[in-house]
Amino acid sequence: MVAKKTILNTLILGIALFGMSSTADAYTITNSGADDRGDFVLEPGKIEIFMNPGETVVKNIAVTSRINRKQKFTVSTEDFIGSQNPETPVILLGNDKSPYSFKDNIKPDTNSFNLDLGQKIEIPVSITAPKDAQPGGFYTTVIVSSVPDNSTDGGAAGTRLISRVGVLFFIRINGDVKESGSLEEMRVTGPKFGVLQNGPLTFEMLFRNSGNIHLVPYGMLTITNIFGQKVTEIPVDAYFALPNSLRYRQVTWPKEFLFGYYNAHLELHRGYSNMIDKKDLGFWVLPWMYIVSVLAILFVVFFLIYLFTKKFEFKKR
């Protein structure tokens, strides 16, 4: 009987140790062979997940050290939101929670680790949707920070630099959501003195997301000349727009010498229900500095011809 108890206790202890080992060693560290660049790389930049209430999903993030010493890192979570300032697409909230918070439901496998130069760590991140989660979008970032070495000199002012890089988690709880957005404005900018005078030109598109889920607009910008002939097509690559926010997207026409009237026709897919916004923008490009230079040269040429003919009179024999 004692022997049976001993065997049973050994099995229980072994199972417990196995469970502890599998949890503690879930992340893996390998040698990537990265060179010394004084920084670290966090991948991927963005993770998008579709989930049902009560479901758990595990995704991996990877950190590669390119710092020429043993470096300590910490892992934390912060909520992020969009903004009404199109120049600032993402705002990190620190310890605050957003209306779209998911920080309590995202658990990285570790909150700190050490890496030598060239080492790479793969960290599992568990994402669990509450059973009563409402349909819609939720947004949290997993942030990896380098911890300053106390033994190194922090500079004349004793400044300690902390590098922070985040992976954005876009989590969508399946169900009925409000998808709503529209193209608000399109404009063109470039080198100018009162009017556009040459390229390259930058086209800016302002998109408003008025729903409760992030959208991924994309499209095509077609440019034609004064005769209606197609000059070029510029793809508008897919990008994200967070709920209740404004987001600028810029595309560049790299051609430098331009002259005359052009029309830019934009077709922007909103990212849902095959909805497309269309907008046209006409603009002139007048390289007046070149025009003035040419006119000045022509004036000098004709003036010299005039002086020459004035001084010398040609007669027929």
Side-chain angles (χ1 to χ4, degrees), residues 19-29 40-63 72-83 88-113 120-147 162-181 209-216 238-245 247 271-272:
M20 291 172 61
S21 174
S22 63
T23 301
D25 298 334
Y27 62 82
T28 58
I29 296 179
F40 66 94
V41 178
L42 176 61
E43 301 173 299
K46 177 170 77 79
I47 294 177
E48 189 167 5
I49 305 171
F50 291 78
M51 305 181 68
N52 295 314
E55 184 180 0
T56 296
V57 174
V58 177
K59 296 290 184 179
N60 282 358
I61 64 173
V63 181
K72 182 177 181 180
F73 298 89
T74 60
V75 184
S76 60
T77 58
E78 287 186 30
D79 289 334
F80 67 93
I81 58 174
S83 77
T88 308
V90 169
I91 298 175
L92 295 176
L93 297 184
N95 294 326
D96 296 333
K97 288 187 176 182
S98 78
Y100 314 100
S101 177
F102 222 69
K103 63 188 299 184
D104 293 337
N105 307 100
I106 294 183
K107 304 296 182 183
D109 184 66
T110 183
N111 58 14
S112 67
F113 57 91
K120 177 180 180 180
I121 185 172
E122 296 267 354
I123 304 174
V125 179
S126 298
I127 305 97
T128 301
K131 292 182 179 179
D132 60 350
Q134 297 300 308
F138 300 89
Y139 309 98
T140 296
T141 180
V142 174
I143 295 177
V144 176
S145 305
S146 62
V147 179
I162 300 175
S163 297
R164 287 162 39 96
V165 185
V167 176
L168 301 178
F169 280 76
F170 293 73
I171 299 156
R172 175 167 177 163
I173 303 299
N174 296 324
D176 292 332
V177 297
K178 180 185 176 182
E179 293 178 312
S180 178
N209 184 346
S210 52
N212 69 347
I213 188 73
H214 69 277
L215 300 175
V216 186
Y239 63 104
F240 67 85
L242 292 171
N244 191 31
S245 70
R247 180 76 192 272
Y272 65 93

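Because the structure is a prediction, the values reported are computed rather than measured.
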Quiz item: For Thr56, what residues pass the side-chain contact (heavy atoms from CB on, under 4.5 Å) criterion, not counting sequence neighbours?
Solution: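 Thr56 satisfies side-chain contact (heavy atoms from CB on, under 4.5 Å) with Thr128 only.
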
Answer yes or no: is there a donor N or O on one side and an acceptor on the other, between the side chain of [X] and the main chain of [Y], under 3.5 Å?
X	Y	result
Glu122	Ala62	no
Asn111	Val75	no
Thr88	Val90	no

[X] vs [Y] side-chain heavy atoms within contact, under 4.5 Å:
X	Y	result
Phe73	Ile121	no
Phe169	Val125	yes
Ile173	Gln134	no
Asn209	Leu242	no
Lys59	Val167	no
Glu48	Phe240	no
Ile123	Val144	no

Distance-minimising heavy-atom pair for [X] and [Y]:
X	Y	value
Leu42	Val165	CD2-O, 3.2 Å
Ser98	Asp79	N-OD2, 3.2 Å
Thr77	Ile106	CG2-O, 4.1 Å
Ser126	Val58	OG-CG2, 3.8 Å
Ser146	Phe40	CB-CE2, 4.0 Å
Ile91	Gly82	CD1-O, 4.3 Å

Quiz prompt | Aromatic ring proximity, centroids under 6.0 angstrom, Tyr139 and Phe170 | solution =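 Centroid distance Phe170-Tyr139: below 6.0 Å, so yes.
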
Quiz item: Any chance NZ of Lys72 has more than 12 other-residue heavy atoms, nucleotides or ligands included, within less than 6.0 Å?
Solution: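 Open: at most 12 neighbouring heavy atoms sit under 6.0 Å from NZ of Lys72.
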
Quiz item: Which class fits the ring pair Phe102 and Phe138: parallel under 30°, tilted 30 to 60°, perpendicular over 60°?
Solution: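 Phe102 and Phe138: tilted rings.
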
Practice problem: Going by the side-chain contact (heavy atoms from CB on, under 4.5 Å) test, name the single residue among Thr140, Ile171, Ile47 that passes it with Ile127. | Solution: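 It is Ile171; the other options fail the test.
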
Self-check item: Spacing of CG belonging to Asn244 relative to OG belonging to Ser83, to within rounding of 0.5 Å
Solution: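 Taking CG in Asn244 and OG in Ser83, the distance rounds to 10.0 Å.
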
Exercise. Give, for atom CD of Glu43 and atom NZ of Lys120, the distance between the pair rounded to the nearest 0.5 Å.
Key: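 Separation between the atoms: 5.5 Å.
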
